[in-house]
K.L.:
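Dropping the structure in here first, questions after.
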Amino acid sequence: MEVSAFRQKVFNATQEIPQGKVTTYKLLAAAIDCDSSQAVGQALKHNPFAPSVPCHRVVRTDLSLGGFAGKTEGPEIKKKKNLLLKEGIRFCDNRFVDPSHLFTFDPDDAV
DNA sequence: ATTATGACTTATT
DNA sequence: GAATAAGCCATAA
């Protein structure tokens, strides 16, 4: 299956996210090309690069976990929380308590 | 080409 | 603060 350039950018940027940090769909969208986070979320949900792309490090602008494994809630979300906790990120239930984990893309990372 | 959907965001109620 | 509506961009049918 071919991947569109847009998705390539999304996956690339997602891989750029350092461990122990998270980014938001909006920042990701802004870092690549479009201002639409929705399209970014769509690209991540396809996730052809599965574990190679730390999609669990991508969260909503509200610092909430958002979704995972194609679902907005369920045991998959629990897994996402667990992964983030292992990364050293702290949050309360579905919401981050420390925005310091928010990673912002640098100009060199965006094409 | 047009309609419908979505791991979203913002505004309004 | 929670729920609803409208808006934005990309993909699928």
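Residue numbering restarts at 1 for every chain, and letters A, B, ... go by the order of the sequence lines.
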K.L.:
Rounding to a whole Å, what distance do you find between A:Phe68:CZ and B:dG6:P?
P.N.:
19 Å

K.L.:
Is any side-chain nitrogen or oxygen of A:Arg60 closer than 4.0 Å to OP1 or OP2 of B:dT9?
P.N.:
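For A:Arg60, the contact criterion (side-chain N or O under 4.0 Å from OP1 or OP2 of B:dT9) is met.
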
K.L.:
Report the C-alpha separation of A:Ser100 and A:Asp98 in whole Å, then their side-chain angles, then the decisive distance to 0.1 Å, and conclude whether the side-chain hydrogen bond (donor to acceptor under 3.5 Å, both in side chains) test is met.
P.N.:
CA-CA 5 Å; A:Ser100 303; A:Asp98 190 348; 2.7 Å; yes

K.L.:
Kindly say whether A:Gly67 contributes a backbone atom to a donor-acceptor pair with the side chain of A:Lys80 at under 3.5 angstrom?
P.N.:
yes

K.L.:
Suppose the criterion is ring-ring contact (aromatic ring centres under 6.0 Å, His included): which pairs have a residue in residues 10-44 of chain A, not counting sequence neighbours?
P.N.:
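Every ring-ring contact (aromatic ring centres under 6.0 Å, His included) pair that includes a residue of residues 10-44 of chain A, provided the two are not neighbours, is A:Phe11-A:Phe49.
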
K.L.:
Let me know the distance between CG of A:Leu63 and P of B:dT10, rounded to the nearest Å.
P.N.:
11 Å

K.L.:
What one-letter contact string describes nucleotides 3-10 of chain C from 5' to 3', where B marks a base within less than 4.0 Å of any protein heavy atom, S marks contact via sugar-phosphate atoms alone, and - marks no contact?
P.N.:
-----BBS

K.L.:
Separation of A:Lys26 atom NZ from B:dG6 atom P, in whole Å?
P.N.:
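Those two atoms, NZ and P, are 23 Å apart.
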
K.L.:
Just so I know, are the side chains of A:Val58 and A:Thr14 near enough to count as touching, which here means a heavy-atom distance under 4.5 Å?
P.N.:
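Yes - at least one pair of side-chain heavy atoms lies under 4.5 Å apart.
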
K.L.:
Can you tell me how far the CG atom of A:Asn94 sits from the NZ atom of A:Lys81, to the nearest 0.5 Å?
P.N.:
5.0 Å

K.L.:
Are A:Asp35 and A:Lys26 within salt-bridge range, i.e. N to O under 4.0 Å?
P.N.:
no

K.L.:
Check the distance between B:dA11's P and A:Asp62's CG and give it to me in whole angstrom.
P.N.:
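My rounded result for the distance is 12 Å.
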
K.L.:
Report the distance from atom CD1 of A:Ile32 to atom C1' of B:dC8, rounded to the nearest whole Å.
P.N.:
13 Å

K.L.:
Quickly work out the A:Arg57 CZ to B:dA7 C1' distance and round it to whole Å.
P.N.:
17 Å

K.L.:
Output the rounded distance in Å from NZ (A:Lys45) to C1' (C:dA12).
P.N.:
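That distance rounds to 9 Å.
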
